[in-house]
Amino acid sequence: MTGALVWLAGCASSGVENAGGHPVVEMNADEKGFVQGTGIESQDLVSVSDKMARSILSVPQIAQAARPPVIVLDPVQNKTRFPINKDIFLTRLRTRLNTQAAGKVQFLARDRMEALQREREMKAAGQVTAASDPNVVEFKGADYFLTGALESISTRTSQGQSDYVLYSFQLIDARTSVIVWEDAAEIKKQGLEDAAYR
Amino acid sequence: MPEVCTTSPAARVVALRGASSAALVALALVLGGCATEPAVLSYVPTGDPVVDGNARLALAPPQDKPLWECRVALEALRRGNWDEARAKLDAAILAQGGIMGPSADAARARSLFRRENTKLFVGEPYERVLVYFYRAILYWMDSEPDNARACYLTAQLLDGSAEGESYRSDWVLPDFLDALASARLKMDWADALLRAQQNSRGSTLPPLDPTANVLVFLEFGRGPRKYAGGEYGEMLFFQPGSALARTAVLRVGEQTWRLGAQDDVSFQATTRGGRVMDHILANKAVFKETTDFVGDAALIGAGISAYQPRRHRDDGLTAGLAAVGLLSKIASAATTPDADTRYWDNVPQALGFAALKLPPGEHQGTIEFRAADGHPVAVRPLTITVKPAPADTVVVLSELSP
């Protein structure tokens, strides 16, 4: 009888983990969530871009510049095994620098050049008003290029999967091609899939 | 006065087994009532595999959704519905990324009384590789060769756990296309090309031309199927796929290219070796067999005990044996060692690639799929609209296309 009760009790769904699912939880972007992989995740983006923003501001060419240096973002090269939105690192880096060190550096919106050029042409044609002479080129040139690369080493064995990612960023003098600043961050993650998937 | 038996002992055993079977059925009905029956849902087929696939996806249980996403993605890709294919492949990749560490559905799949197919479908390694292979095509289309290369690196890593060393990371096109993307990105490409050449197994690789602007991906035939074997369906087997066409001839304007396949999907499916899950299923099968045997033995013992003369009969022992037998039979019946035979059923048997150079603009041509003896099995007109440099133009030509 007891045995039968034990068997019947096995039907109850109380033994199922997360039977009711997980409610939506708002988290900080730098927190590790309960959903994790060995790839590039939001906490990596936050920690790496924060570190790089602090590092850039300590460079003499930036910290002691007579006027705010003008920087253009050049897309990061993804050499890892993870397909990612490459722009997101530089976007966060730019927003950190613009919000934390307002005025110390200036960024050029080169990714908006098509719209800006069209606006300038409309001003030159008198189709819209202009606060200055639209025939004079006022688009700024860059003092520096900010770029980077993401590289990885990955291993997969029966013991698990390991991914090491090196995030390196450079500030390059647009006139001389000298690398005036470079810094890197590295993150290694390991995990193993459930036996049901192996 | 001695007790008189009116039936033979053998008949009484049979009768007891009949009674226990009836009890078993009754208990099974009670237990069956505990199971959550999926609601009967239906859809109206339209004949369009993308529309119908999306309808099936909407109705599919959560664990099967990645499978339907893969199926829909491939149909969408063959019909030039790039956004649909992109969204579905990204969803399937997300599902693959979420299987690290403990998960409740994987634990259920390992348990004795749940089927393997209750786990989230991420596919066997060859299916996981193909998700990345097809996603890379769309990255090429979006002028993101570095993300395409990332897909190829992951694809080869996913194939890195085959049992036989010579079958690890042995897909040809992921390495070849890694080399092509690396050459485009001015990175070292020699190692990847060498690996592709070493694994080519007699197939002909196209020349590595980083200046080519038209990337042609070819699909031949229908891919492998999974089926279950063994006494309890606990063993996973593959039925190799087949392809009527073995080569293709592409004609654009005055130019003609003879194209072949470089990767054999059935070869990849069948050279993976054993899975850890196979051992778990084998253990489930042993448990099922053993509990069945113990159940039979205990019930027979209970029958014999029940019909002993009263002075020799131990009612406690009889009841105990009957209970053990019944529970053992229930345990055996409830054990589900069945292998997971869900499979991505619209993958091709073989994959090919060619890189061409064509001037920007619209080009008319034909693609002719040919059998092994050279006779055409399908001829289709095609229009290739070549994008201006530096963008790549991607063409997917499939024997399976409508």
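Chain A is the first sequence line, chain B the second, and so forth, proteins listed ahead of strands; every chain is numbered from 1.
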**Message:** Given heavy-atom pairs under 4.5 angstrom as the criterion, report whether the side chain, backbone, both or neither of B/Leu157 touches chain A.
**Reply:** both
**Prompt:** Any idea which of B/Leu158, B/Ile93, B/Val122 has the most non-hydrogen atom pairs under 4.5 angstrom with chain A?
**Reply:** B/Leu158
**Prompt:** Just checking, is any N or O donor in the side chain of B/Gln268 or B/Trp171 under 3.5 Å from an acceptor N or O on the other one?
**Reply:** yes
**Asked** Between the side chains of B/Ser169 and B/Asp159, does any donor sit under 3.5 Å from an acceptor?
**Response** no
**Message:** Could you check whether B/Thr154 and A/Arg81, counting side-chain N and O atoms only, form a donor-acceptor pair closer than 3.5 Å?
**Reply:** yes
**Message:** I want to check a possible cation-pi pair here: B/Arg135 against B/Tyr139, using under 6.0 Å from ring centre and within 45° of the ring axis as the test.
**Reply:** yes
**Message:** Would you say B/Asn117 and B/Asp338 are linked by a side-chain donor-acceptor pair, where the criterion is simply a distance under 3.5 Å?
**Reply:** no
**Request:** Heavy atoms only, distances under 4.5 angstrom: which of B/Leu120, B/Leu185, B/Ile280, B/Asp340 has the most pairs with chain A? Name it, please.
**Result:** B/Leu120
**Request:** Could you tell me which portion of A/Phe82 (side chain, backbone, both or neither) has an atom closer than 4.5 angstrom to a non-hydrogen atom of chain B?
**Result:** backbone
**Item:** A/Ser152, part contacting chain B, at a heavy-atom distance under 4.5 Å
**Value:** neither
**Message:** At a 4.5 Å cut-off on heavy atoms, which part of A/Lys79 comes close to chain B: side chain, backbone, both, or neither?
**Reply:** both
